[in-house]
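Notes follow once the structure below has been shown.
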Amino acid sequence: MSVTVRFAPSPTGHIHIGNARTALFNWLYAQKHGGRFILRFDDTDVARSKAEYADQIQLDLHWLGVHPDVTVHQSARFATYDAAVERLKAAGLLYPCWETAEELERKRKIRLSRRLPPVYGREALKLTAAEKATYEAEGRKPHWRFLLPNFTGDPFAPARTEIHWDDVVRGPQTVDLASMSDPVLVREDGSYLYTLPSVVDDIELGVSHVIRGDDHVTNTGAQIALFKALGAKPPAFGHHNLLTTVSGEGLSKRTGTLSILSLAEDGIESMAVASLAVLIGTSESVSAVASMEELAALFDPAATSKSAAKFDPAELMTLNRALVHAMPFADVAARLAALGIEGDKAEPFWLAVRGNLERVADAAPWWRIVRDGPQERPAFSPEDAAFLDAAFDALPPEPWDHETWKLWTGRLKETTGRKGRALFMPLRLALTGREEGPELADLLPLLGREGTLARRP
Ligand code: GLU
């Protein structure tokens, strides 16, 4: 079967790392099966959906390395949903209801007190034409429910009706259609809830696999029924566990916690985000994976745990460091150039400093140190100043290479009797102004003899 997947965010906020998990599960699934990836904006809620969020989601996906083949907006497809509504009405599968939220709540409580499942009792199906006309005359507008196929003959006597599917992530699943209320597909004001547009689009766009968070597992039963009611074969489904913070809280688009945008702005590598988003909460250990191809090779939806995946944002920094420390120059050259790090020295500079960086951007201050010298002149004790004087006098002649540092400090050890920290620290401070940093053996050839002498205190 050819694979078509979709990622379907509602553009009501910035997507976060949990949404990235869904996008990446779909993307990697498509990559593994040579499939298509559709970006579908679930923007039927026109009041809450914003074009700037949709634009940012596209940028975020691009940054993550997810490149949709097709992008669609549900807000441009209302005519298609209206047509599906007419078909369902004509088939007697979509019926009008006039209960207010308070009435529904009252009914729910009554059912609970009678130890009945708190589902909608389909009372609207009993309304006479006259009663309906009265509501209409009062100016009340109905909402519309989909009649679930959980009965034979008498809709007021629903019976256990199992819907089964073999979930790509969770394995065999069963949902009982008698345990749920007929879902509302259209609100009083004519606006659509998510269910119908989603199913209609999945049919029309030829989606073969619906991969999403496991908060949608129960919806799937009703959706499979709706696919069938619209004459379509349901797609395959996969429901992955959700990410939560260490304290178990869910992530929310509204609060902006761990949004992809904020992580990118914070200098986190996209592959650090992708590695964590995909591998956490699976039997694969979380590691810094350098490319999407390698991540696709590790990705196995069936290896995903069923319980929520708690994650610690500090892990992102650990992964980031690992990626930066091993990052080849070719992969980062353009970004370094944007930081002003270019020319012959850019590559040896990168190889010298990368092992000390948390983020790629942290290379910039080191470049300034290598180019212009310490940002602040350190103060030295009279003994250290005398030692440095002697040390700068004893600089080996050029050409300089990796061995120069050893040669220089080896000689200083003999002539001054200093060793260990007493020997290295004044040199490091004089050359860089910092107590920690890249190997001086790597930095020295970058500074050159002249550049080193210029750092003489
Ligand atoms: N807009 C829905 C959501 O973000 C999409 C769910 C789905 O993938 O079907 O939850």
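Numbering of ligands and ligand atoms starts at 1, following listing order.
Atom 3 (C) of ligand 1 has its nearest heavy-atom neighbour, among R212, R6, Q74, H216, in H216.
Between D201 and R6 there is no salt bridge, since no side-chain nitrogen of the basic residue lies less than 4.0 Å from a carboxylate oxygen of the acidic one. Ion pairing of E105 with K107 is absent here, as no side-chain N (NZ or NE/NH1/NH2) approaches a carboxylate O to less than 4.0 Å.
Below 4.0 Å from some heavy atom of D42 lie the following atoms of ligand 1, by number and element: 1 (N), 2 (C), 5 (C).
Relative ring orientation between Y120 and Y95 is described as parallel, the plane-to-plane angle staying below 30° on a 0-90° scale split at 30° and 60°.
The closest side-chain donor-acceptor pair between E265 and S262, if any, does not fall under 3.5 angstrom.
Checked by distance only, ligand 1 and A8 come closer than 3.5 Å through their nitrogen or oxygen atoms.
Of all the heavy atoms of F7, none lies under 4.0 Å from any atom of ligand 1, so neither backbone nor side chain is involved.
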